[in-house]
Amino acid sequence: MPELPEVETIRQLLTPQIVNRRITNVIIHRDEIVGHPTLKTFVREIKGKSILTLNRKGKYLLIGLNRGWLLIIHLRLSGHLRVVKNEPMLKYERLRLKLNNCQSLVFIEPRVLGKVYLVKEDNLPPVLSGLKEMGLEPIDPRFTAKYLTERLKGKSAKIKTLLLDQRICAGAGNIYSDEALFGAGIKPVRRANSLTKREISNLTKTLRQVLNAGIKYLGTTMRDERYLLPDGATGRFQERLKVFNRENLPCSKCGNKIQRVKIGNRSSYFCPVCQK
DNA sequence: CTTGTGTCCTGTAGGC
DNA sequence: TGCCTACAGGACACAA
C-alpha cells in the first residue's frame, strides 16, 4: 500500500537510475493501466522523450519529460516499480519503458488498479482532478494546526476518514494515519468536530513525524503487500509500527491489546487505553 | 454542501 | 484436496 513515504522512497532511489535517460520504446501488457490519453496517443508521444526530472505530489509520482510532457504514475494498492536489464517479462508486469542504457523501468501491478498518465504539465485532464485538488502534505511547513483546523471545520465525519481524504491531508493512507492517531492519543472513530485545539495541534505533529520516519526507514512492506524498492529490497518501517496490523498484540506504551475496527469498509487499529 | 456506501481488481487466507 | 467467500485498500462514483 504505497503511501507518501513509499512513493518518496521510490522517487529518491529511482532518480539516479532514470533521470537523463531517453525512452526508446514502450510495451503495454495491460491496456487498463493507461489512464490517459488513448493507448495510441500514449505510445506515439512517449517514444523518444527524455526523462528530465522526478518529483512527487502526495502519492503521485511525476516524471518530467522534455517538451512539457509529464508521465504521472499512481501505484494505488499493490503497484511498484523496478529498474531491470532488458530481461523477460516479470510476474504481474503491466508496462515497460525501455531506456537508452539497456535498462527498463517496469510497472508491476498485481491488482491492475494503478495507472499511468501522459499529460502536458499545464493541462491536466479531469481524470487527474485528484492531483489538482490535493491538499497540503503533513511534511509541508504550511501544514500547521491552523491549516488542519480550517480544513476540519464544520465536519462531523470520523477523523480517520478525513485523514485519508487527499484534499485535506495529502499522502496519508491507512498505515500512517493510524500511526499518527496513536501518536496523538486520538481514537480513529472520533468525530472531527470533537477534537480539541491541543489534539489537532498534536495530530499535525505526529502526522509529520510518522511520515518522516516512514521515509527514513524506506517505507513499510507488509507481509501480504507488494511494496518493494526499485531494486527489489523491502522497506523497514513495518518493524516500527505501533498499532497498524497489530490486532491483539500488546500496546508498546501500556501493554493492553491493540484493537481493530472497521471504518468506511477498511480496518483501523488503535490502543483502547492510550487513545481517547 | 456533507457523509456514507459500493466499486474497481486480483491474489490470498480461511471456512467447510 | 477443492470450492467458495471474504478481505485487502486508494480513489472515485453515486446515493441519501
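Keep in mind it's a predicted model, so treat the numbers as computed, not measured.
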Quick check on [N]: is either OP1 or OP2 less than 4.0 Å from any side-chain nitrogen or oxygen of [X]?
X         : N       : answer
His74(A)  : dG10(C) : no
Arg111(A) : dC7(C)  : no
Ser267(A) : dA8(C)  : yes
Lys158(A) : dT3(B)  : no
Asn265(A) : dT5(B)  : no
Gln166(A) : dA11(C) : yes
Arg94(A)  : dT10(B) : no

Measure [atom1]/[X] against [atom2]/[N] and give the value in whole Å, please.
X         : N       : atom1 : atom2 : answer
Tyr117(A) : dA11(C) : OH    : P     : 10 Å
Asn245(A) : dA8(C)  : CG    : P     : 10 Å
Phe244(A) : dA8(C)  : CZ    : P     : 9 Å
Leu4(A)   : dA11(C) : CG    : P     : 11 Å
Ile175(A) : dG9(C)  : CD1   : C1'   : 10 Å
Arg167(A) : dA11(C) : CZ    : P     : 11 Å
Lys115(A) : dT10(B) : NZ    : C1'   : 14 Å
Glu3(A)   : dA8(C)  : CD    : P     : 15 Å

Name the nucleic acid region contacted by [X], choosing base, sugar-phosphate or nothing; use a 4.0 angstrom heavy-atom cut-off, strictly under.
X         : value
Thr161(A) : nothing
Tyr269(A) : nothing
Gly264(A) : nothing

Note: [X]-[Y] ion pair, threshold 4.0 Å (strictly below):
X         : Y         : answer
Arg94(A)  : Glu109(A) : no
Glu87(A)  : Lys85(A)  : no
Asp165(A) : Arg167(A) : yes

Checklist entry - So how far is it from Thr196(A) OG1 to Lys276(A) NZ, rounded to the nearest 0.5 Å? => result 13.0 Å
Checklist outcome for this item: Closest to the side chain of Tyr60(A), out of dC12(C), dA8(C), dG10(C), is dC12(C)
Item to check | Base of dG9(C) paired with side chain of Arg76(A) (donor-acceptor, under 3.5 Å) | outcome: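 No, no donor-acceptor pair under 3.5 Å.
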Item to check | Residue pair Leu70(A) / Leu118(A), side-chain heavy-atom distance below 4.5 Å | outcome: no
Checklist entry - Should the ring pair Phe237(A) and Tyr176(A) be called parallel, tilted or perpendicular, given that the plane angle runs from 0 to 90° and is split at 30 and 60? => result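 Geometry flag for Tyr176(A) against Phe237(A): parallel rings.
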Checklist outcome for this item: Result for 5'-nearest mapping on DNA chain B, choosing between Ala157(A) and Val112(A), is Ala157(A)
Item to check | Arg191(A) or Leu113(A), whichever maps to the more 5' nucleotide of DNA chain B | outcome: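 Per heavy-atom nearest nucleotide, the more 5' residue is Arg191(A).
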